[in-house]
2 protein chains.
Amino acid sequence: MRSYGQYCSIARALDVVGDRWTLLIVRELLLRGACRFTDLKAGLPGIATNLLSARLKELDEAGLITREDAPPPVATVLYALTEDGRALEPAVRALGRWGLRRMGEERPDDAFRAHWLAYAPAWFTTAADPEAPAAVIQLVASGEEAVIEIDGGEVRTRVGRAASPDLVLDGPPRAVLGLLTGVIDLARATELGLSGQGDMDVLRRLRPVEGDVPGAPSATGF
Amino acid sequence: MRSYGQYCSIARALDVVGDRWTLLIVRELLLRGACRFTDLKAGLPGIATNLLSARLKELDEAGLITREDAPPPVATVLYALTEDGRALEPAVRALGRWGLRRMGEERPDDAFRAHWLAYAPAWFTTAADPEAPAAVIQLVASGEEAVIEIDGGEVRTRVGRAASPDLVLDGPPRAVLGLLTGVIDLARATELGLSGQGDMDVLRRLRPVEGDVPGAPSATGF
DNA sequence: CCGTATCCGTGGAGATACTG
DNA sequence: CAGTATCTCCACGGATACGG
């Protein structure tokens, strides 16, 4: 990317990560940890291989990622964020929090991945009642599965299935994520096709983070 | 900008503000408040007028800014952020905080503006001792002037000159900003050409924000 | 003076085919 | 599986000319 030529930390940040796809590659590496070219490609539907290749080279040169040969059994290159790269997390998070207000807009052809279902509650909610017993929520949306584990004051998430969740939420991504992030209420989520099985009260254990997340459903189409 | 086509709040945010120049335009509007086309152009050295025009149109359509006719004496269009646009501040801030680690890299031809000198201490420092009396620091860097007013727990800044500052810092932008944001120490700042007149102790009233700002000077060239 | 519109050269983006 | 090579095309940057 051509430099902005401005002595301003925002411009300098964008000199490095302002290119198309770059921050989404960082997102993938933040969510997945060290992974292969093919994993990245799978998590970045729509990217061309030459572009992914070029961006990884740029990120490497900028010192944001490392390319290391995996140990023998794997025998491939693994990409991972450096400390400098991981330090982008607050910026990526803040962008994602702002982006929540655009999640109501319906675009049925959008790609969707299980780990995106997972990171949203991890990044944009907190545990409401640290004293309460641990709880597990199974999420299913567009066939993608993720698990929320609320334990003490912590909200952890992962891709996949839980053995015996307290609650199973199933529905279109808009309904599941909108409800979890507090952008819509249960009634609206149900209208959008959400179905819940189990103890719906555990939902109260998740509190959407404050900040720029709109408390009231704005006119975004939810 | 072409949509990423991903149902992910980060991707959706970048669908709106991921274009080249867009976040820098938001930066200008955050720092200046409502302003004219020409003011924006002045704060965005390097942008072509057609691009600025195009971006403003896109931002308007996306609902991030308003274009309102200024009252008679001015008789021009004023651009201002909507609530949705202002909500980007945390994201812009987080990017700027990350970008601090690239401010050590010397690039003498970079443009520099007084309001960039002003926002850095406002966004990236806090008052260390809320109980202490008010203090005023005059900044001068590359001919650009800004004022820091520390009052109670608050750090306010503005462009321009102060009547009787407790301290005047003068030097190249790298030295002044590096010192204020805590990326370099006084000795290094002096090496880089910083000169201070007045009570250097008021510098202790400013504490760099924690987070991803590198506490220790990393190998970035400072 | 403020802002928009047009033209053109260059480079980055996207799609796809292909190779170690 | 992990990229590289190639091709087309649009977006960007820069200059300039134009309308209010």
Side-chain angles (χ1 to χ4, degrees), chain A residues 1-6 11 14-25 28-29 32 34-62 65-80 109-111, chain B residues 1-6 11 14-25 28-29 32 34-62 65-80 109-111:
Chain A
M1 152 170 285
R2 188 194 168 91
S3 165
Y4 285 105
Q6 301 182 0
L14 292 172
D15 280 347
V16 182
V17 298
D19 259 324
R20 186 162 168 79
W21 289 108
T22 302
L23 277 179
L24 293 186
I25 295 171
E28 285 301 307
L29 289 167
R32 292 174 182 269
C35 61
R36 299 170 303 170
F37 188 91
T38 312
D39 301 324
L40 289 172
K41 183 160 170 44
L44 294 163
I47 198 171
T49 56
N50 57 349
L51 261 193
L52 178 53
S53 184
R55 292 288 178 273
L56 288 171
K57 195 170 297 176
E58 292 160 12
L59 284 170
D60 189 16
E61 282 161 5
I65 65 169
T66 55
R67 328 156 51 99
E68 40 182 280
D69 297 309
V74 185
T76 183
V77 178
L78 285 184
Y79 297 91
D109 291 343
D110 271 6
Chain B
M1 152 170 286
R2 188 193 169 91
S3 165
Y4 285 107
Q6 300 183 1
L14 292 173
D15 280 346
V16 182
V17 297
D19 259 326
R20 187 163 168 79
W21 290 108
T22 302
L23 277 179
L24 293 186
I25 294 171
E28 285 300 307
L29 289 167
R32 292 174 182 269
C35 62
R36 299 170 302 170
F37 187 91
T38 313
D39 301 324
L40 289 173
K41 183 159 170 47
L44 295 163
I47 199 172
T49 57
N50 56 350
L51 260 194
L52 178 53
S53 185
R55 291 288 178 273
L56 288 171
K57 194 169 298 178
E58 292 159 12
L59 285 170
D60 189 16
E61 282 161 6
I65 64 169
T66 56
R67 326 154 54 95
E68 39 182 281
D69 297 310
V74 185
T76 183
V77 178
L78 287 183
Y79 298 92
D109 291 343
D110 271 5

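Computed from a predicted model, the values in this text were never measured in an experiment. Chain naming here is simple, since letters A, B, ... match the order of the sequence lines and numbering starts at 1 in each.
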Taking only the side-chain nitrogens and oxygens of W21(A), find out if one of them lies under 4.0 Å from OP1 or OP2 of dG14(C).
yes

What is the distance from CG of L52(A) to C1' of dG12(C), rounded to the nearest Å?
16 Å

Roughly, in whole Å, what's the span from OH in Y4(A) to C1' in dG14(D)?
16 Å

Measure from CZ on F37(B) to P on dG20(D) and round the result to the nearest Å.
17 Å

Of the candidates dA13(C), dC2(C), dA5(C), the side chain of T76(B) sits closest to dC2(C)

Can you pull every protein N or O that's under 3.5 Å from an N or O on nucleotides 8-11 of chain C?
none

Residues two or more places apart in sequence or in another chain: which of them pass side-chain hydrogen bond (donor to acceptor under 3.5 Å, both in side chains) with Q6(A)?
R27(B)

Gap separating the CG atom of L52(B) from the CG atom of L24(B), nearest 0.5 angstrom:
11.5 Å

For the pair made of CG in D39(B) and C1' in dC1(C), what is the distance, rounded to whole Å?
12 Å

Any donor-acceptor N/O pair, Y4(A) side chain to L44(B) backbone, under 3.5 Å
no

Whole-Å distance between dC1(D) C1' and L78(A) CG?
13 Å

Between S53(B) and R2(A), just flag the one whose closest nucleotide in DNA chain C comes earlier from the 5' side.
S53(B)

Smallest heavy-atom separation, T22(A) atom then L59(A) atom, equals CG2-CD2, 3.8 Å

By nearest atom, which of the nucleotides dG14(D), dG3(D), dC2(C) is closest to the R36(B) side chain?
dC2(C)

How far does CG of L40(B) sit from CD1 of I65(B), to the nearest 0.5 angstrom?
8.0 Å

Spacing of CZ belonging to R67(A) relative to OG1 belonging to T76(A), to within rounding of 0.5 Å:
10.0 Å

Take the protein atom CG of L51(A) and the nucleotide atom P of dA15(C), then report the distance between them rounded to whole Å.
10 Å

Protein-nucleotide distance (I65(B), atom CD1; dG3(C), atom P), rounded to Å
12 Å

Between Y79(A) and dG3(D), does any side-chain N or O lie under 4.0 Å from OP1 or OP2?
yes

Ionic contact status for D60(B) with K57(B), cut-off 4.0 Å
no

Sole candidate of L56(A), I25(A), T66(A), D39(A) that passes side chain to side chain contact (heavy atoms under 4.5 Å, CB included) when paired with Y79(A):
L56(A)

Which nucleotide wins on minimum distance to the side chain of V77(B), given the candidates dG14(C), dG3(D), dG3(C)?
dG3(C)

Pairwise N/O distances under 3.5 Å, protein to nucleotides 5-11 of chain D:
| residue | atom | partner | partner atom | Å |
| --- | --- | --- | --- | --- |
| dT6(D) | O4 | N50(A) | ND2 | 3.2 |

Value for CZ (R2(B)) from CG (D19(B)), rounded to nearest 0.5 Å, stands at 13.0 Å

Would you classify K41(B) as touching base, sugar-phosphate or nothing, given that sugar-phosphate means primed atoms plus P, OP1 and OP2, and contacts are heavy atoms under 4.0 Å?
nothing

Go through dA13(C), dG3(C), dT4(D) for me and flag the one nearest to the K57(A) side chain.
dT4(D)

Value for CD (E61(B)) from CD (E58(B)), rounded to nearest 0.5 Å, stands at 7.5 Å

Atom-pair distance (CG on L24(B); C1' on dC12(D)), nearest Å:
15 Å

